[in-house]
Amino acid sequence: MKDMDKLHSIPVENIYPDTQQDRQNIDQKKLEELASSIRTSQQVFSPLSVKPHPSEANKFILIGGERRWRAAKLAGMQQVPVIVRNNDAKANSLEMLIDNLLREDLSGYELSYALQKRLNEGWTTSDLAKHLGKSKPWVSKYTSIFKLNERIQALYKEKIITDISKLQRLAKLPEKTLNIALKKIREGENATEVLKVSENIAKYPEPLQDAYADCAIQDLKLLKKASKLDDDELDDFIKSAQKDNSSEHLSEFLEERIPSKTSKKTKAHIALQLNLHTARELLKDLRYAAESIAEMDLQQCEATLNAYLSEKATGSA
């Protein structure tokens, strides 16, 4: 066809959609609304952009305007206005992308796919950013999805998680922790909460991560407390969890091995329960300042007093 890039009227049936179209889903309700508008006005106001079919004469492939073309067909239009472009593949590809961005927002995954497709065609991140009026980090952000695990990509494609930064955080999780995080998210648990918990779990010793992934220990408070155990105690704890993973049983196990810290308030209370006058007299001989009582817990006080009394008793004998 002569006069490329000029406006023409072409039969709807002579136009074919591009099999490599960026948009993978078209909202049927919005399509019917557009068809109703076209039916009422009996015209498509904005021309479609097409290129000559590579093997069929007088046939064309859509570059931009697939929604308008589909709506025109639904409205019963016989002819549609088009601008016929040449076969510069890179230029046509970019026009398709710009048309989709301007006409109706692509989904996050469709946008990522479209940008990556242009990079594969030879565009640079800088060129894409320039032509689209975006920044290089914006382009890199959306194309980074294809560097992630396919199971993580699937969450994005299915719109389960649309925040790319969250997907990138998921990708940093150890494999077993990631597996259980993906399972919980797909079961409907809040992705933000699952991610927060998973990142905390990933900080614990690997045996605890495995125990969590194997469902031997699911109580998060117990997991946090167990992370303070030494290697041998941790091994015993996990074996105990595999035999009886009840929170009550595991809590008792930990209480025996991780004594609760005595708060300053408790220490002060303990000190007040002592006969301070007697304590001062006893502790003077051991060169302890009376004020130090408030800094000691009950066991320390008892040990000091018993040692002193034992020493006195031995001296008297």
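If you read the sequence from its start, that first residue is 1, and numbering goes on from there.
- Proximity of His8 to Pro81: side-chain heavy atoms (C-beta onward) are nowhere separated by under 4.5 Å.
- Taking every heavy atom of both residues into account, Leu208 and Ala226 meet most closely at CD1-C, 3.9 Å.
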- request: For the pair Lys176 and Asp210, evaluate side-chain contact (heavy atoms from CB on, under 4.5 Å) and give the outcome as yes or no after the intermediate values.
  value: CA-CA 7 Å; Lys176 285 191 175 181; Asp210 292 345; 3.2 Å; yes
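- The distance from the NZ atom of Lys243 to the CD1 atom of Ile238 is 13.5 Å, given to the nearest 0.5 Å.
- Legend: side chain to side chain donor-acceptor pair (under 3.5 Å) pairs involving residues 191-205, not counting sequence neighbours, sorted by first then second residue: Lys166-Thr192, Arg169-Glu199.
- Side-chain contact check for Val84 versus Lys51: every heavy-atom pair is 4.5 Å or farther apart.
- Lys141 forms no cation-pi arrangement with Trp138, by the criterion of a distance under 6.0 Å to the ring centre and an angle within 45° of the ring axis.
- Ionic pairing of Glu255 and Lys225 is present here: one or more N-O contacts between side-chain nitrogen and carboxylate oxygen are shorter than 4.0 angstrom.
- Evaluated for a side chain to side chain contact (heavy atoms under 4.5 Å, CB included) with Val50, the options Val82, Ile83, Ile63 yield exactly one hit, Val82.
- Nearest heavy atoms, Pro205 versus Ser227: CD-CB, 4.0 Å.
- In this structure, the side chains of Leu155 and Arg151 stay at 4.5 Å or more apart for every pair of heavy atoms.
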message: Would Ile185 and Ile161 count as a side-chain contact (heavy atoms from CB on, under 4.5 Å) here? Give the steps.
response: CA-CA 9 Å; Ile185 290 170; Ile161 297 180; 4.1 Å; yes
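- Thr125 and Ser140 get closest at one heavy-atom pair: CG2-OG, 3.8 Å.
- In this structure, Glu56 places its CD atom where more than 12 heavy-atom neighbours from other residues, nucleotides or ligands lie under 6.0 Å away.
- Side chains of Ser144 and Ile164 form a contact here, defined as non-hydrogen atoms less than 4.5 Å apart.
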- prompt: Hey, mind stepping through Phe237 and Ile217 against side-chain contact (heavy atoms from CB on, under 4.5 Å) and telling me if it holds?
  reply: CA-CA 10 Å; Phe237 175 68; Ile217 310 168; 3.4 Å; yes
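- Linking ILVMFWY residues whenever their side-chain heavy atoms come closer than 4.5 Å, directly or via other members, places Ile38 and Trp69 in the same cluster.
- The main-chain N or O of Leu74 is found under 3.5 Å from a side-chain atom of Arg39 such that the two form a donor-acceptor pair.
- At least one side-chain heavy atom of Ile152 sits less than 4.5 Å from a side-chain heavy atom of Leu178.
- In Asp231, the CG atom is not crowded: 12 or fewer heavy atoms of neighbouring residues, nucleotides or ligands sit closer than 6.0 Å.
- Nearest heavy-atom pair across Ile145 and Tyr142 is CG2-O, 3.1 Å.
- Taking a cutoff of 4.0 Å between a charged side-chain nitrogen and a carboxylate oxygen, Glu32 and Arg70 do not qualify as a salt bridge.
- Atoms CZ and CZ, on Phe60 and Arg85 in that order, are 13.5 Å from each other to the nearest 0.5 Å.
- Between the side chain of Gln218 and the backbone N or O of Tyr212 there is at least one donor-acceptor pair closer than 3.5 Å.
- Side-chain contact check for Gln79 versus Val12: every heavy-atom pair is 4.5 Å or farther apart.
- Tyr16 is not connected to Leu48 by any chain of hydrophobic side-chain contacts under 4.5 Å among Ile, Leu, Val, Met, Phe, Trp and Tyr, and they are in different clusters.
- At a cut-off of 3.5 Å, with distance as the only test, no side-chain donor of Thr143 or Gln116 sits close to an acceptor on the other residue.
- Between Phe253 atom CZ and Glu233 atom CD the span is 7.0 Å, to the nearest 0.5 Å.
- The shortest non-hydrogen separation linking Met77 to Gln42 is CE-O, 3.5 Å.
- Looking at heavy atoms from C-beta onward, Glu158 lies in side-chain contact with Arg186 at the 4.5 angstrom threshold.
- Applying the side chain to side chain contact (heavy atoms under 4.5 Å, CB included) test to Ser247 and every residue at least two apart in sequence or in another chain returns Asp219, Leu222.
- You'll find the side chain of Leu173 stays beyond 4.5 Å of the side chain of Ile201, heavy atoms only.
- Here the CZ-CG distance, from Arg68 to Leu62, works out to 9.0 Å after rounding to the nearest 0.5 Å.
- Between Leu250 atom CG and Glu248 atom CD the span is 10.0 Å, to the nearest 0.5 Å.
- Counting heavy-atom neighbours within 6.0 Å of Gln78 CD, excluding the residue itself, gives a total of 12 or less.
- Taken together through direct or relayed side-chain contacts under 4.5 Å among Ile, Leu, Val, Met, Phe, Trp and Tyr, Leu223 and Leu234 form part of one hydrophobic cluster.
- In plain terms, the two heavy atoms of Ile61 and Pro54 that are nearest each other are CG1-CD, 4.3 Å.
- Separation of atoms OH (Tyr156) and OG (Ser112) is listed at 3.5 Å; rounding is to 0.5 Å.
- More than 12 heavy atoms of other residues, nucleotides or ligands sit less than 6.0 Å from atom NZ of Lys59.
- At least one donor-acceptor pair closer than 3.5 Å links the side chain of Gln209 to the backbone N or O of Ala202.
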